Amino acid sequence: MAETLARRHHLLGLEGMSAEEITPYLDLAANYALLSRSRTAPRDALRGRTVINLFFEDSTRTRTSFELAGKRLGADVINMTVATSSVNKGETLLDTAATLNAMRCDLLVVRHAASGAPALLAQKVEASVVNAGDGMHEHPTQALLDALTIKRHLGTLSGLTVAICGDVGHSRVARSNIHLLTAMGSRVRLVGPPTLVPGVMQSLGAVSIHHDMESGLRDADVVMTLRLQRERMGAGLVPSAREFYRFYGVDSRRLAFAKPGALVMHPGPMNRGVEIASDVADSTQSVIQEQVEMGVAVRMAVLDRLSRMRTAS
Amino acid sequence: MTDLVFDNVRLIDPRTGQDSPGRLLVRDGHIAALDAPGAEGAPENATRIDGAGAVLCPGLVDMRVAIGEPGFEYRETIASCARAAAAGGVTTLAVLPNSKPAIDEPALVRLLRGRGDETGLVTILPYGALTKNCAGEEMAELGLLREAGAVAFTDGIHAIADTKRMRQLLAYAQGVGALVVQHPEDPSLARGGAATAGALATRMGLPQIPAAAEAILIARDIRLAEMTGARLHFGHVSTAEGLELIRQAKQRGLPITCDTAPPYFTLNESAIGAFRTYAKLSPPLRAESDRLAVCAALADGTIDAIASDHAPWDADDKRLPFAQASAGGTGLATLLGVTLARVHEGDLPLARAIALLTGAPAALLGSPAGTLAPGAAADLCLFDPEESWVVQAGALPGRAQNTPFDGETLRGRVLGTWKSGRRVFGEQTA
């Protein structure tokens with residue numbers, strides 16, 4: 001029951017969502033992408049609504065994307081960035097929830113370093129909660145914007161081979177993408193060293209695991225790279241950035257294993273020369289800038305849909 | 001103190017092998033005699049308690065309990081813990097030393113014992129810290145702590161990480177004739193982890209602890225115990241692999257023992273789904289195959305005792321994102337009811353289940369508790385093995401309410417608890 005409720009009012013994750021549940025978000029987002037480009041988006045869909053961006057982790061680009069999405073729909077958007085020093089004080093999270101309830105916020109966009117934090121907030125606030133990334137758990141709007149970008153170029157998600165490369169194990173982006181892409185009928189490959197792509201990730205669904213780039217990228221339609229956090233070196237998971245680049249960096253030689261014209265994606269911000277070569281990032285195959293554009297459209301769609309479900313219920 | 005006669009009860013004392021209908025006479029706080037049901041010759045003026053066929057067994061001996069006092073009274077005090085214990089039929093508690101200050105001073109051992117006696121509800125058997133401040137480094141004064149009444153030594157919720165130190169601790173403890181109790185989890189594999197490694201933790205994006213962290217430490221410590229001749233006990237064992245190592249060590253005749261706790265034979269990791277922090281425990285809940293292995297090890301005798309692993313936390317310690325929430329659950333009030341599920345499911349005979357909760361842990365700790373033998377203190381638990389009740393966080397006895405069994409229906413209910421012949425729980429029926 002909690003599950004149904006969670007799906008109706010919040011977007012906490014994509015795990016368990018079917019193609020039928022995902023598609024309406026993508027369709028609405030595609031529409032908003034067109035309207036945004038023609039600058040004719042209706043600026044009143046969220047008029048009178050309050051969107052609060054509650055970020056416990058700094059993320060300028062995601063926050064800005066949500067902010068722009070809310071403003072394009074006419075919402076009042078407020079950004080709250082909670083000092084990282086108090087993140088570990090859990091009272092802050094629930095006290096913040098109580099504060100937000102008192103402010104009568106309608107949509108709450110949450111980024112937090114701990115998996116499950118948006119779910120915890122969703123239990124306590126009256127607003128609809130959008131997960132803008134929680135720990136290593138999920139980042140649903142990122143996966144939706146990736147899917148929309150792919151769909152615009154390749155027409156479909158069904159039957160594609162998508163290689164997700166790099167630090168998959170610690171990645172919420174990867175998890176949400178795995179749930180979405182497998183639900184939509186793509187074949188997903190996880191590519192990276194065993195310390196970053198452990199065998200247990202096989203359990204996430206219809207995915208295959210590759211510890212070398214050649215087999216991982218061969219004939220792929222889409223090559224998705226992930227940011228390699230510096231702390232992975234300190235934790236002894238990877239010896240150095242240069243060794244990682246040598247064996248797992250996406251450069252033009254490796255990209256040649258994929259299908260001609262395969263899409264290159266990255267959720268940003270990029271470490272050029274670590275997980276991706278500059279010439280690949282800036283090549284005609286790269287849709288990285290378009291991902292950013294689709295991010296705004298997807299977030300408009302998510303805020304709009306959740307707001308309407310709220311009104312309807 | 002007037003005499004007490006328990007009539008119409010099923011007397012179970014695994015320590016003497018008794019399991020039969022009968023009467024039990026209490027005089028001056030001690031068990032005076034046992035005889036047949038309805039026998040003549042009850043003393044005049046004796047208070048008669050009609051058990052109506054319920055089981056009368058020794059008060060439970062819980063060998064793994066954390067209390068908030070001293071240092072964390074907001075979680076639980078000795079007094080509130082004692083009330084929870086009495087409601088659970090527990091009359092003797094072995095208390096972990098991870099308080100603030102840690103129980104690494106002889107005076108603190110005496111203080112804890114005294115504070116237990118003051119409640120009039122329970123006997124506290126303090127564990128002494130194995131290392132100063134339970135920090136895993138300098139050896140605590142094991143000999144002096146033992147003289148003061150520490151029943152065994154452990155760093156409680158922490159394992160001794162350093163292999164050489166553990167060897168020395170075991171050797172020294174062996175010299176003073178003390179039992180060492182280890183938390184079986186390799187500390188470096190466990191560091192920062194919140195859930196057992198596997199598909200569920202991967203989906204939830206939680207920092208993981210491989211189940212093998214248990215077997216790795218158990219294998220090391222069995223070998224060290226063998227080198228030193230020490231008596232070593234593993235607390236709350238929860239994996240098939242760890243239990244198999246203990247089983248083999250026992251077959252080799254080593255003085256290795258272990259206990260487990262009700263969550264590990266009742267729940268599996270799926271209880272943490274939806275980021276349910278009341279089911280966040282240490283060690284973390286395991287896969288179903290491990291739960292079944294714990295049930296099997298209870299049945300075949302590999303596991304020597306069942307302890308509640310009572311770990312009180314305040315709601316604020318639990319209402320946090322999963323990885324940040326404190327690990328542990330309350331267990332005193334639910335210890336008997338949850339354990340009896342093993343009897344109802346056919347894994348354990350009732351007398352064996354009672355043994356695991358009374359005489360067996362008492363023997364491990366060298367305590368005279370846990371028996372109905374004449375002359376013993378009249379610490380008694382009267383329970384109906386069939387009566388059902390629903391566990392409700394918020395309505396449990398004691399201060400801490402963080403039960404992992406919230407909402408579960410338990411079959412088996414404590415009707416009354418007596419400490420040294422004085423009723424400390426349940427309604428007066430006579």
Side-chain angles (χ1 to χ4, degrees), chain A residues 1-3 5-6 12-16 56-57 87-95 97-98 110 112-124 131 133-139 168-176 178-179 190 197-205 207 209 235-236, chain B residues 74-75 186 188-213 268-280 284-290 313-328 393-394 402 406-407:
Chain A
M1 198 192 94
E3 191 98 328
L5 219 102
L12 301 175
L14 300 177
E15 184 188 342
F56 292 89
E57 246 185 7
V87 166
N88 287 330
K89 261 282 164 242
E91 289 81 357
T92 305
L93 190 60
L94 293 185
D95 286 350
V110 183
H112 199 286
S115 301
L120 180 64
L121 269 172
Q123 292 170 16
K124 304 287 173 189
N131 181 0
D134 63 328
M136 302 183 286
H137 180 223
E138 286 228 39
H139 192 354
V168 179
H170 297 96
S171 176
R172 53 196 173 210
V173 174
R175 280 177 180 71
S176 286
I178 291 165
H179 297 313
L190 309 179
V197 187
V200 69
M201 301 212 74
Q202 187 71 63
S203 64
L204 287 171
V207 300
I209 289 178
Chain B
Y74 77 97
R75 293 179 202 156
D186 180 274
S188 86
L189 283 173
R191 193 176 305 130
T196 299
L200 180 69
T202 299
R203 277 209 313 280
M204 293 173 77
L206 293 173
Q208 308 187 7
I209 305 173
N268 63 32
E269 61 185 352
S270 64
I272 69 166
F275 299 102
R276 199 168 149 252
T277 57
Y278 275 25
K280 181 180 178 182
L285 287 169
R286 308 297 192 182
E288 175 65 5
S289 56
D290 284 319
W313 290 102
D314 186 75
D316 284 345
D317 298 317
K318 285 287 190 180
R319 279 195 296 233
L320 290 170
F322 195 88
Q324 296 168 6
S326 298
N402 54 303
D406 188 24

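Chain letters run A, B, ... following the sequence lines, proteins first, then strands; residues in each count from 1. What you are looking at is a predicted structure, and each value in this text was computed from that prediction instead of being measured.
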Honestly, the part of A:Ala117 sitting under 4.5 Å from a heavy atom of chain B is both
Closest heavy-atom contact between [X] and [Y]?
{"X": "B:Leu206", "Y": "A:Ser115", "result": "CD2-CB, 4.0 Å"}
{"X": "A:Leu120", "Y": "B:Leu320", "result": "CD2-C, 3.3 Å"}
{"X": "A:Met136", "Y": "B:Pro207", "result": "CE-N, 3.6 Å"}

Applying ring pair (Phe, Tyr, Trp, His ring centres under 6.0 Å), name anything that partners B:Phe275, two or more places apart in sequence or on another chain. A:His137
For B:Arg319 and A:Leu93, run side-chain contact (heavy atoms from CB on, under 4.5 Å): C-alpha distance rounded to whole Å, both residues' side-chain angles, the deciding distance at 0.1 Å, then the answer. CA-CA 9 Å; B:Arg319 279 195 296 233; A:Leu93 190 60; over 6 Å; no
For chain B, find which of A:Gly169, A:Gly116, A:Ser171, A:Ala114 contributes the most heavy-atom pairs closer than 4.5 angstrom. A:Gly116
One option among A:Arg175, A:Arg172, A:His170 has the most heavy-atom pairs under 4.5 Å with chain B, and it is A:Arg175
How far does CZ of B:Arg203 sit from CD1 of A:Ile178, to the nearest 0.5 angstrom? 12.0 Å
